[in-house]
Amino acid sequence: KDVVEALVDFMQKLGPGSIQNTPNWGWNSSSDPCMNHWYGVRCDNNNQTVKSIVLEQINLSGTVDFESVCKETNLLLLSLKFNNLTGTLSQEISNCKRLRLLYLNGNHFSGDLPNSLTTLANLVRIDVSSNELSGNLPDLSRNTGLLTFLAQNNRLTGQLPNFNYNQLQYFDVSNNDLSGVVPDETGHFGAKSFAGNPRLCGKELSKACPSKKKHKSLHDLLIYSAFAILGLIILVLVALIFLKKRQNLEHTKIGTKSTKEEGVKSTENDGVTSDSKIGQSRSEFSITSAENGGVSASLVVLSSPVEAVNGLRFEDLLRAQAELIGRGKHGSLYKVLPDVGVPLAVKRIKDWEISRDEFKKRMQRIDQVKHPNVLPIVAYYSSKQEKLLVYEFQQNGNLFNLLQGSQIGKIFDWGSRLNIACNTAEALAFMHTELKDDQIAHGNLKSSNILLTKDMNSYISEYGLMVVDNGSQDSNIFNLDVCAFGVLLLELLTGKPVQSNGLDLAKWVNSVVKEEWTGEVFDKALVVEGASEERMVGLLQIALKCINGSPDLRPGMDQVATMIVSLKEEDERSMASSDP
Ligand SMILES: Nc1ncnc2c1ncn2[C@@H]1O[C@H](COP(=O)(O)OP(=O)(O)OP(=O)(O)O)[C@@H](O)[C@H]1O
């Protein structure tokens, strides 16, 4: 009741004039905004709360009473654009805590943009362009989900606050009276977004900023000297680090003879035993496996599809040049260039608490199950302290990098994304089925473990390298892969790669979808490309099933794969039928 009265007050102050004679106008305290379908009002599915108020271009000529309208705390969208509204925008706007979209453009609002806007954590789009607003802009970099900020054609003054330019999709502050420097990192927003502010300068506007004349006082001199000394210290440190790195790099040339050489027996997989002298370098990158000696120092070469790896011996690995290319939570990854053969990726896992027999059995099972989209292990080595897994090195990077690239404008189109989703789902489903009895899941599925081929095909790498600790949950370990795959789908759809477990991304997507603003989730690049919204929503629905908070309600990977395959087929059919 209070809310209804507050909304009626809000409308009265808006000065509706003759428009209120419109049939079914509503907006009176004897009716209900949802049940009686007030003009411009939309409610949630249960007709309980007002979700959006859209009163555009209807000659409203009064003021906005945010205190009243924000009594409806569930409001997500307020659009009053293209009216004749006047007055200031009050701080009470922050009472609309869930507001996502605010369109006030094309009116005569004056005064400052309220600072309290920065407390609206859900704001996605603000358009206050073409008003008479003045004063400084609030620091909207705190609104981390903001995609649109349009404030052109006003009288705004002061310096530009920080904005997350990399994230913004639309940005314009042209034709105001802003001053100071336009930062260099404004991404894809060029001069047009800042033009018409005579006191703005910077590279973006091809207008150099005047350099401040400095009076060299004793104080300045002291500061300069302090900086110079600091600079010198940094230089020396950098040089030291460089030297240390060089030393380490030499150590990583595994097999470099050190003064402390030791004879070690190395057994090849064909059973031939050979003596070799292997240096024990104790640097942190060195492979210390040799100290275990005997049988443990053997490299088991699996039935590799790569001809060049078939003759690989442990000494070859030790002797080869190695470069550390990543250090993950579970181990380090080296690019190794043997004297003969193809470049290899050697994953080194330390302190994996698994018995030698269990490890061997695990590797052999994984080797028996082959899928064209799962990168095969070509060889492995096991000692008590560490395990080495050898793969063929893939030159074309991983999905994480690809998504990062797409964020800065590199093309990663819908078709390729759907293809990767499909390949990965099918491969994972296959592996799950084949390795169900052995209880071997992937255990660490994430975008940096999806490696790419030149033609946008993908490989799942490092399958089964993590023994999943299922904790107290009674769900099966394969469910965890399904959830991780759901996060992968979210990354593909939103274009936002995640480094950790993806829970934040899942939470964000869930909250947006719950508010029925599904469209906001998708990567802008996909929308611009014209990818079918229907199919994107379809894939999103699959992703949401996969990340279901109750593991037992998640679909199996085979079901997921079936759904994605049919989505892809649908996509291909629609492409074919839209071809000229
Ligand atoms: N066979 C391979 N060829 C080329 N690059 C690879 C290969 N395997 C892994 N990489 C890349 O090497 C980097 C490090 O991989 P690694 O698996 O050690 O780290 P991570 O996946 O970030 O962490 P972790 O798996 O330990 O949680 C990643 O960028 C990964 O994509």
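Note that ligands are numbered from 1 as they come in the structure, with each ligand's atoms numbered from 1 the same way.
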Subject >> Worked check of side chain to side chain contact (heavy atoms under 4.5 Å, CB included) between Q395 and K335 >> reply: CA-CA 10 Å; Q395 310 280 359; K335 178 178 184 182; 4.1 Å; yes
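A side-chain donor-acceptor contact under 3.5 Å links R554 to the backbone of N479.
Looking only at atom types and distance, the side chain of D413 has a donor-acceptor partner in the side chain of S416 under 3.5 Å away. Looking only at atom types and distance, the side chain of D139 has a donor-acceptor partner in the side chain of S141 under 3.5 Å away.
For R362 and E358, the salt-bridge test fails: no basic side-chain N is under 4.0 Å from an acidic carboxylate O. A salt bridge is defined here as a Lys NZ or Arg NE, NH1 or NH2 lying under 4.0 Å from an Asp or Glu carboxylate O, and E491 with K446 fails to meet this definition.
Against a heavy-atom cut-off of under 4.0 Å, N449 is close to the following atoms of ligand 1: 17 (O), 21 (O). Residue contact check: I325 has heavy atoms under 4.0 Å from atoms 12 (O) of ligand 1. Annotation for ligand 1: atoms under 4.0 Å from non-hydrogen atoms of L375 are 1 (N).
Heavy atoms of K446 come nearer than 4.0 angstrom to ligand 1 in at least one pair.
Looking from atom 3 (N) of ligand 1 to the surrounding protein, the closest heavy atom is Q394 N, 2.8 Å. For atom 5 (N) of ligand 1, the closest non-hydrogen atom on the protein side is F393 CE1, 3.8 Å. Ranking protein heavy atoms by distance to atom 17 (O) of ligand 1, first place goes to E462 OE2, 2.7 Å. In terms of protein heavy-atom proximity, atom 11 (C) of ligand 1 is nearest to L333 CD2, 4.2 Å. The protein heavy atom nearest to atom 7 (C) of ligand 1 is L451 CD1, 3.5 Å. For atom 18 (O) of ligand 1, the closest heavy atom belonging to the protein is K347 NZ, 3.0 Å. Counting only heavy atoms of the protein, atom 30 (C) of ligand 1 lies nearest to S448 O, 3.5 Å. For atom 1 (N) of ligand 1, the nearest protein heavy atom (residue, atom name, distance) is E392 O, 3.2 Å.
A heavy-atom distance below 4.5 Å is not found between the side chains of N373 and T424. Two residues are said to be in side-chain contact when any heavy atoms from C-beta on lie closer than 4.5 Å; V560 and C546 meet this criterion.
Taking only non-hydrogen atoms, the option from L344, N398, L399 nearest to atom 31 (O) of ligand 1 is N398.
The distance from the OH atom of Y459 to the CG atom of N398 is 15.0 Å, given to the nearest 0.5 Å.
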